[in-house]
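Starting from 1, each residue takes its place in the sequence as its number. Worth saying up front: this structure is predicted, and the values here are computed from it rather than measured. Read the numbers this way: they start at 1 and go in the same order the structure lists the ligands and their atoms.
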Amino acid sequence: MSNVPVMGSTFLFGYVSAIKMLSTYKQTLLDGYVKFNKHAFQIPGLLGWVVFVSSDLYDDVRKARDDSLSMVEASKDNFAFQYTLGQNVVNDAWHNSVVRKQMTQNLGAKFPEISDEIATALEDGLNLSADDDWKSIDAHDLLEEIICRTSNRLFIGLPLCRNPEYTKISREFSITVIQSGLLINLFPSFLRPLVARYVSPAPKAIKGFEKYMVPIIEERWRLERELGDAWADKKPNDFLQWMMDDRTGSQRDARDLTTRMLTLTFASTHTTTMSLTHVLYWLAAKPEHVPALREEVGRAIELHGWTRAAINDMHKLDSFIKESTRCSALMAMGMPRKAMRDVTLSDGTLVPKGAKLAINIPAVYSDPSLFPTPETFDPWRSSRKIEQGENEVKHALTTASSDFLLWGGGEHVCAGRYLAAQEMKTILAHILLNYEIKFAGLPAGVRPKDKWVAYSCLPDLKARVLFRRRQS
Ligand code: HEM
């Protein structure tokens, strides 16, 4: 435990406070920020104490390497990835560089497929008949299906991305990894391997995925052998192939590739779905912003067609998404890290070896010196600055910064953020142009209440959104 001041009680190593705070973390984090005048403080959690710092120390955390403040070790402590995703994936995450390089470079070329999958999945999921007026939809479920299909269109292509059994494994894996990881970590470390044997979702999910993936991988290897140089022109352009091309000789292993495909599914599905559900709820609650967004989306599509360039030209949409994620931040912990040795931050805070550290997201996002009238949902906070001549990239949805913490930062900054942003914007663009949405039975301006569970802020998963085809 560090010697920085404490919020809550240290009684019974903080467990009593940790349990009491399960539903009040947000308020505790806001109170601590004021009480300690933006200086570091720590609070107990079920998985140990966490030192929370303000965004003034963003650069300290961003610049730290894994041998001082480790993202990988913090993830193990928080999510037990070594048991749920497997040691190989955690110890050598080489697939991350495929996400950063090959995947990101291909997002423009793959845009037509991504957009096609979104339009088709939306139509399939909504299933509106010609005479349907408003139809009540489980929005979280709809978005999860669209995102899962769309990401898998890029990862493995048609027809597998639409296979119900395959997408079911993908969708379930994302959530069970988080749940089982938390459960495993509640046990003392010597018991975790044993507990993991019973609760880890990985063996079943890998087996389910292998049924589809291994024949595809083996067929591609066969064609590569038989076709030689001619394979280069014929091979698919998808994530599986980019990973296969990255591996040579004895590195080639179908089970390892399958596990990494699942890992990717985990990294992409839950995060994008939860973020976009928050955004969609804001959009349904604030119909007064729809005309400006529609105008922008319509103009960009008219200018560039349905292309990545059009999506990149939608600054208001970027701004709306950023503001939604500020008002309903997915996570309270920004850039969670574990100190691998005693680390002294630039303000003198000592983070002792073994302690966990994170940026206090709720407090940063409610700080009036960073966000004037922070309690107001102001969707054009970022786009207004661009209109006033500030740098576009600085305020883009894909740019991580000390006051935009969705993607973390530094060497581990979300590798898939360009895909996530592209998917979220393209889904919203399709909805804005083709459908109308609203909440049933809620007064204008009100959205279903977010639910804080420990450090996560979940949208109300029982809320339903009414959809109909656009009338005007
Ligand atoms: C809205 C959706 C998403 C959110 C909010 C999100 C958020 C994050 C965050 C907070 C981190 C850790 C950064 C840090 O601690 O500094 C991260 C890492 C990562 N994300 Fe995302 N992510 C999203 C979507 C995706 C997608 C779609 C993919 C892949 C297709 C992806 C792949 C990754 C990978 C591979 C890492 C690890 C990077 C590394 O350790 O080098 N993410 N993401």
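When each atom of ligand 1 is checked for a heavy atom of Gly408 under 4.0 Å away, the hits are 10 (C), 13 (C), 14 (C), 16 (O). The contact set between ligand 1 and Leu406, taken as ligand atoms under 4.0 Å from a residue heavy atom, comprises 5 (C), 7 (C), 10 (C). The distance from ligand 1 to the heavy atoms of Leu419 drops below 4.0 Å at these ligand atoms: 30 (C). Atoms of ligand 1 found under 4.0 Å from any heavy atom of Asn96 (numbered from 1 in listed order, with element): 35 (C), 37 (C), 38 (C), 39 (C), 40 (O), 41 (O). Annotation for ligand 1: atoms under 4.0 Å from non-hydrogen atoms of Arg100 are 38 (C), 39 (C), 41 (O).
With a heavy-atom cut-off of 4.0 Å, Arg337 touches ligand 1 through its side chain alone. Under 4.0 angstrom from ligand 1, the non-hydrogen atoms of Ser275 all belong to its side chain. If you look at Met71 next to ligand 1, the close heavy atoms, those under 4.0 Å, all belong to the side chain. Only the side chain of Met103 comes within contact range of ligand 1, with a heavy atom under 4.0 Å; no backbone atom does.
Across Leu350 and Val4, no two heavy atoms sit closer than the pair O-CG1, 4.3 Å.
Side-chain contact between Ile146 and Leu142 is present, with heavy atoms from C-beta onward closer than 4.5 Å.
Cys414 SG, 3.0 Å is the protein heavy atom nearest to atom 42 (N) of ligand 1.
For the side chain to side chain contact (heavy atoms under 4.5 Å, CB included) with Phe41, the lone residue among Asn360, Thr349, Val50 that qualifies is Asn360. Between His430 and the options Phe467, Trp306, Tyr435, a ring pair (Phe, Tyr, Trp, His ring centres under 6.0 Å) holds for only Trp306.
Without hydrogens or angle criteria, Thr376 side chain to Asp378 main chain gives no donor-acceptor distance under 3.5 Å.
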>> Tyr58 vs Leu405, test: side-chain contact (heavy atoms from CB on, under 4.5 Å). Steps then yes/no.
In response: CA-CA 9 Å; Tyr58 174 80; Leu405 297 154; 3.8 Å; yes

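Distances shorter than 4.0 angstrom do not occur between any heavy atom of Gly410 and any atom of ligand 1.
When Pro336, Ala415, Ser75 are ranked by how near their heavy atoms come to atom 34 (C) of ligand 1, first place goes to Ala415. Here atom 28 (C) of ligand 1 lies nearest to Gly416 when heavy atoms of Ala420, Gly416, Ala400 are compared.
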